There are 2 protein chains.
Amino acid sequence: MAQSRIPSEAAGSLANAFKALGDPIRLQLMSMIASAPGGEICVCDLTPAFAISGSTISHHLKVLKESGLVTAERRASWVYYRPQAALMRRLSALLDMPEPD
Amino acid sequence: MAQSRIPSEAAGSLANAFKALGDPIRLQLMSMIASAPGGEICVCDLTPAFAISGSTISHHLKVLKESGLVTAERRASWVYYRPQAALMRRLSALLDMPEPD
DNA sequence: AAACGGATTCGACATCTGTCGAACTTGACG
DNA sequence: CGTCAAGTTCGACAGATGTCGAATCCGTTT
């Protein structure tokens, strides 16, 4: 963001990723997924960390998935979520401003 | 985000900043403000870059201001916006994931 | 003081969003 | 096969959001 102006064609999908992070629950979900040891975390470990229903957690995970910030994989009865580091780094680079002298 | 889990008290205000970036118009406005030569830009230079009304641009600038991402200063007839680099860097650091080996 | 121009605020409206409980899907296991 | 447990999807609903034009505010200029 510091040097480069965002082209308007890219603004939509980038804004979509930021929008996905723009909810306190989703931001914490993303934080837990991104810091998961082994690079993945089970929904069954995410759900009990919040005071909202499982269906709402599932909805938020879907938003994160559709924004490209995470991927999901089912193994046996459980579903595991992983961060998509490349997109996260892209967003990070966008916000990286030069230090004040 | 890589190493640290976001405390739930901080999640609200951080999510608010991400939410402010979660609209294509606002993301492009932020991009223009952050890359402005001289560290500031006049609303009169922002408005003509978009195909929406001036009142809507003003609304989006208000959202960015209330999220803490920009500040505004009036000089004579014009209002100038500046990026708040500290918050931008904070968000950037949050999304910075380690490179894959 | 009156008129003008840049910018914000207001009121209205259609659409989107977060939440819930109920219903459904999918795999495991007796 | 029948049941159970983990997740997702569905339908509904209150509240938030993006947009516009009209009204207003605040300096400048005549």
Side-chain angles (χ1 to χ4, degrees), chain A residues 6 8 11-33 36 38 40-83, chain B residues 6 8 11-33 36 40-82:
Chain A
I6 296 177
S8 57
S13 73
L14 290 171
N16 217 359
F18 283 122
K19 179 155 66 165
L21 297 172
D23 175 277
I25 302 281
R26 285 199 296 269
L27 187 56
Q28 290 178 85
L29 284 170
M30 189 71 224
S31 168
M32 293 177 73
I33 295 168
E40 66 177 18
I41 189 169
C42 177
V43 175
C44 61
D45 290 326
L46 294 171
T47 303
F50 300 89
I52 62 179
S53 73
S55 65
T56 300
I57 295 287
S58 196
H59 162 70
H60 285 309
L61 289 171
K62 185 182 191 176
V63 172
L64 287 173
K65 189 168 46 175
E66 288 177 347
S67 79
L69 282 165
V70 303
T71 56
E73 182 195 358
R74 171 162 215 138
R75 291 205 304 278
S77 285
W78 300 277
V79 177
Y80 297 85
Y81 281 79
R82 294 182 161 272
Chain B
I6 298 176
S8 57
S13 73
L14 290 172
N16 218 338
F18 282 122
K19 180 155 63 165
L21 297 172
D23 176 276
I25 302 281
R26 284 198 297 268
L27 187 56
Q28 289 178 87
L29 283 170
M30 189 69 224
S31 168
M32 294 176 73
I33 295 167
E40 66 177 17
I41 190 169
C42 176
V43 174
C44 60
D45 290 326
L46 295 171
T47 303
F50 301 89
I52 61 179
S53 72
S55 65
T56 300
I57 295 287
S58 196
H59 161 69
H60 284 309
L61 289 171
K62 186 182 191 178
V63 172
L64 287 173
K65 188 168 47 175
E66 287 178 346
S67 78
L69 282 164
V70 303
T71 57
E73 182 196 358
R74 171 160 216 139
R75 291 205 304 278
S77 284
W78 301 277
V79 177
Y80 297 85
Y81 281 78
R82 295 182 160 271

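Chain identifiers are assigned alphabetically (A, B, ...) following the order of the sequence lines, protein sequences preceding nucleic acid strands; residue numbering begins at 1 within each chain. Computed from a predicted structure; not experimentally measured.
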For this session: Please state how far atom CH2 in B:Trp78 lies from atom P in C:dT8, giving the value in whole angstrom units.
Result: 14 Å
Exercise. Base, sugar-phosphate alone, or nothing: which one does A:His60 contact when heavy atoms must sit under 4.0 Å apart?
Worked result: sugar-phosphate
Exercise. With sugar-phosphate meaning primed atoms plus P, OP1 and OP2, does B:Ile57 contact a base, only sugar-phosphate, or nothing at under 4.0 Å between heavy atoms?
Worked result: nothing
For this session: Output the single nucleotide from D:dT19, C:dG27, C:dG18 whose closest atom is nearest the side chain of A:Ala76.
Result: C:dG27
Seminar exercise, completed: Ranking A:Arg75 and A:Ser55 by the position along DNA chain C of their nearest nucleotide, the one closer to 5' is A:Ser55
For this session: Using atom CG of B:Leu29 as one end and atom P of C:dA7 as the other, report the distance to the nearest whole Å.
Result: 13 Å
For this session: For the residue pair B:Ile52 and B:His60, establish whether any side-chain heavy-atom pair is separated by less than 4.5 Å.
Result: yes
Problem set entry | Side chain of A:Ser58 (C-beta onward), nearest among C:dC20, D:dG7, D:dG18 | D:dG7
For this session: Flag the pair A:Leu21 / B:Leu21 as yes when at least one side-chain heavy-atom distance between them is below 4.5 Å, and no otherwise.
Result: no
Exercise. Given atom NZ of B:Lys65 and atom P of C:dA7, what is their separation to the nearest angstrom?
Worked result: 13 Å
For this session: Could you tell me the separation between the CZ atom of A:Phe50 and the C1' atom of C:dT19, rounded to a whole number of Å?
Result: 15 Å
Seminar exercise, completed: Heavy-atom nearest nucleotide on DNA chain D taken for A:Ser77 and for A:Lys62; more 5' hit belongs to A:Ser77
For this session: May I ask you to test the B:Leu61-B:Val70 pair for a side-chain heavy-atom distance under 4.5 Å?
Result: no
For this session: May I ask you to verify whether the side chain of B:Thr56 and the base of D:dG18 hold a donor-acceptor pair under 3.5 Å?
Result: no
Exercise. Below 4.5 Å, heavy atoms only, C-beta onward: do A:Lys19 and A:Ser67 meet side chain to side chain?
Worked result: no
For this session: Grab the CZ-C1' distance between A:Arg74 and C:dT25 for me, whole Å please.
Result: 8 Å
Exercise. Nearest to the side chain of A:Val79, which nucleotide is it out of C:dT19, D:dC20, D:dT8?
Worked result: D:dT8
For this session: Round to a whole Å and report the spacing from CG of B:Asp23 to P of C:dC16.
Result: 13 Å
Exercise. Please give, in whole Å, the distance from C:dT17 P to A:Leu64 CG?
Worked result: 14 Å
Problem set entry | Between NZ on residue A:Lys65 and CD1 on residue A:Ile33, distance to nearest 0.5 Å | 10.5 Å
Exercise. Starting at OH of A:Tyr81 and ending at P of D:dA6, how long is that distance when rounded to a whole Å?
Worked result: 16 Å
Exercise. Under 4.0 Å between a side-chain N or O of B:Lys19 and OP1 or OP2 of D:dA16?
Worked result: no
Exercise. Which nucleotide in the set D:dG18, C:dT19, D:dG7 lies at the smallest distance from any side-chain heavy atom of B:Arg26?
Worked result: D:dG18
